[in-house]
Amino acid sequence: MGEIGDYVLLNPAEMAEADRLTAESGVSYARLMENAGTAVTEAILERYYQMPVLVLCGPGNNGGDGFVVARQLKEKGWPVHLVMHGDRAKLKREAAANADAWTGRIEAFNPDLVSDADMVIDALLGAGLDRDVDGELKTIIEAVNAARKTVVAVDVPSGVDGGTGAVRGAAIEATLTVTFFRKKPGHLLLPGREKAGEVIVADIGIREDVLGPIAGTLWENEPAHWQLPHADPAGHKYTRGHCVVVSGGPLQTGASRLAAEAALRSGAGLVSLAGHRDALMVHANHVTSIMLKEAPQWSALEQVLGQTKARSVVIGPAAGVGQATIENVSIIMQSGAAVVLDADALTSFADAPEELFRFIAFDPSRPVVMTPHTGEFARLFGEIEGSKVDVARIAAARSGAIVILKGSDTVIAAPDGRAFINSNAPAILGTAGSGDVLAGIVGGLLAQGMPGVQAAAAAVWIHGDAAQRFGMPGLISEDLPGILPEVLEGLV
Ligand SMILES: NC(=O)C1=CN([C@@H]2O[C@H](COP(=O)(O)OP(=O)(O)OC[C@H]3O[C@@H](n4cnc5c(N)ncnc54)[C@H](O)[C@@H]3O)[C@@H](O)[C@H]2O)[C@@H](O)CC1
Ligand SMILES: Nc1ncnc2c1ncn2[C@@H]1O[C@H](COP(=O)(O)OP(=O)(O)O)[C@@H](O)[C@H]1O
Ligand SMILES: [K+]
């Protein structure tokens, strides 16, 4: 397991600052570019045998890196063709110097060059992408993608915005991307993640201490960020916390049961399902260690929360959209317990999101975690401009809740601006009820007293790891709680 700082994600402006601070401390840009090119060359030599290669260089320093790679591969005896997009005479400083050091020809683009190569090095555009790709550049990118060669991208696949993961007009589909110092958000956010292929991070001599002044607040979600609660030998089920999950009606019990099972498997000392007697009768046919508490309406729920001394409450999975859920949320928010708001608990406030945000603000001392998918998110927050990280951060700040904005690139954002991008979830996790399991894991960790942001980030990672461990098609949500012990053991 690495250190937290290993997983910080730097946007292009932060990366430029890291370069600048390093240069200030005496490492020249020329040295950084040489190291960057060398890192790409080494990654290629470690993975591939010699083959005909086409290096595509763009008009900036990304192109400069490309000239370094071309020179080094040629020195190793590789057959190298090189195309430059843009005006050679306009290259600046280190990029111009590396173009001068290139002893081969600089050729005009022609699709045959792509067909004749087995590998393409994409050094067209990197962190300097500032507008949509069009014209010849777009033609080149489309020709490379259509040819389905091994493609190694320098820093980011050209056309992918390193800060947001957006594709600007067109983007290279890489087999391997070699980036420098730290990953960029665009390597993890869709659609950039799908364009990048395997991503490796190379050390090019940028000093670690430059991270201090940059003080990033965005990380890849990794176990280094959180500490799971451990069972105190002197503790007992009550010290490990009680999680109450609000049930749906008799024909909608499955979702809350999945959440309750996940909460118990995540280490909550006790878990209760609370709801109408009719619904509890259905649960009774399925659960053993989970308790059933009658709570037909908000006043009874208030009593249950008091009697159980609930330390966390999960509400939303098939809870029903409407006034009853709004009343239940209201009472839960005043109970002092940590809260997970999912699915119907979010949709119930679609017409009055400010009311929900007022409930959240009622007691800032207890964490509230909300787990919307994009549809639920839009109902509550409308359309927000920006990357998925921007959007989740704005929602967290506006609502006062920790927001888990789900998807294969789930983002976890806190009201104070800290955010994480999760990258370990396989596509098989997109199955009915898997979000209910996630809500339950968050609830189970909160019941054990884990701080809200940590519980949210850990739950998302654990959820993804469980699906990875299942590892094959056919995963259903019921499988997930049973895999949690294995995941948790791997984290101890
Ligand atoms: N800054 C540094 O110290 C280092 C930077 N390195 C490399 O430098 C790259 C960043 O270099 P630059 O800032 O020069 O940026 P780029 O090389 O990404 O490109 C900038 C140039 O591309 C043009 N451009 C931007 N979007 C375009 C579009 N859609 N269509 C056509 N042209 C477009 C810009 O006008 C500018 O001329 C990094 O990605 C990395 O590969 C490495 O050499 C390591 C050291
Ligand atoms: N393609 C995917 N890759 C990885 N994880 C996914 C993918 N699609 C969905 N998920 C995850 O599966 C879960 C689905 O939750 P949700 O949409 O609420 O479904 P449900 O309501 O059926 O439980 C979320 O945690 C989401 O991040
Ligand atoms: K590139």
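Atoms within a ligand are numbered from 1 in the order they appear, just like the ligands themselves. Not measured: the values here are computed from a predicted model.
- Close approach of ligand 2 to T410 is summarised as follows: ligand atoms under 4.0 Å from at least one heavy atom of the residue are 27 (O).
- Draw a line from the K ion (ligand 3) to OG of S158 and another to O of V154, and the angle between them is 170° (to 10°).
- K184 places no side-chain N or O within donor-acceptor distance of the main-chain N or O of P12, the cut-off being under 3.5 Å.
- A donor-acceptor contact closer than 3.5 angstrom links the side chains of K74 and T103.
- For atom 1 (N) of ligand 2, the nearest non-hydrogen atom from the set G407, S423, S408 belongs to S408.
- With respect to the salt-bridge test (charged N to carboxylate O, under 4.0 angstrom), the residues R88 and D100 qualify.
- In this structure, atom 19 (O) of ligand 2 lies nearest to the protein heavy atom G435 N, 3.8 Å.
- With a heavy-atom cut-off of 4.0 Å, P426 touches ligand 2 through its backbone alone.
- In terms of N/O distances under 3.5 Å, ligand 2 is approached by K406.
- Salt bridge R182/E208: present, at least one basic N to carboxylate O contact under 4.0 Å.
- For atom 6 (C) of ligand 2, the nearest protein heavy atom (residue, atom name, distance) is G430 N, 3.9 Å.
- At least one N, O or S atom of V156, from either the backbone or the side chain, sits less than 3.4 Å from the K ion (ligand 3).
- Interface of H463 with ligand 2, defined as ligand atoms under 4.0 Å from a residue heavy atom, comprises 25 (O).
- Close approach to A432 involves these atoms of ligand 2, each under 4.0 Å from a residue heavy atom: 22 (O).
- Near H373, meaning under 4.0 Å from any of its heavy atoms, are these atoms of ligand 2: 17 (O), 18 (O).
- Checking only distances, D436 does come within under 3.5 Å of ligand 2, N or O to N or O.
- Seen from the K ion (ligand 3), atom OD1 of N62 and atom O of L125 lie 70° apart in angle, a value rounded to 10°.
- Side-chain contact annotation: S387 with D390, donor-acceptor N/O pair under 3.5 Å present.
- Atom CZ of residue F377 and atom CE of residue M370 lie 9.0 Å apart, to the nearest 0.5 angstrom.
- Of all the atoms in ligand 2, the ones that sit under 4.0 Å from a non-hydrogen atom of G433 are 20 (P), 22 (O), 23 (O).
- Without hydrogens or angle criteria, S348 side chain to A345 main chain gives no donor-acceptor distance under 3.5 Å.
- Put simply, the side chain of D122 gets close to the backbone of L124: a donor and an acceptor are under 3.5 Å apart.
- For ligand 2, the polar-atom distance check against L438 finds no nitrogen or oxygen pair separated by under 3.5 Å.
- For ligand 1, the 4.0 Å heavy-atom shell takes in D19, Y29, L32, M33, A36, P59, G60, N61, N62, D65, L125, G126, A127, G128, L129, D130, R131, D132, V133, L137, D155, F180, I204, ordered by chain and residue number.
- A salt bridge does not link D132 to K138: none of the charged nitrogens lies less than 4.0 Å from a carboxylate oxygen.
- Between the side chain of K388 and the backbone N or O of T164, no donor-acceptor pair lies under 3.5 Å.
- Put simply, the side chain of E94 never gets that close to the backbone of G64: no donor and acceptor are under 3.5 Å apart.
- Backbone and side-chain nitrogen or oxygen atoms of S434 are examined, and one is located within less than 3.5 angstrom of a nitrogen or oxygen of ligand 2.
- The backbone N or O of E261 lies less than 3.5 Å from no partner atom in the side chain of R265, so there is not a single donor-acceptor pair.
- Counting only N and O atoms by type, the side chains of S247 and H283 include a donor and acceptor under 3.5 Å apart.
- The K ion (ligand 3) does not have D155 among its coordinating residues (no N/O/S atom, backbone or side chain, under 3.4 Å).
- In this structure, S312 contributes its side chain and V339 its backbone to no donor-acceptor pair below 3.5 Å.
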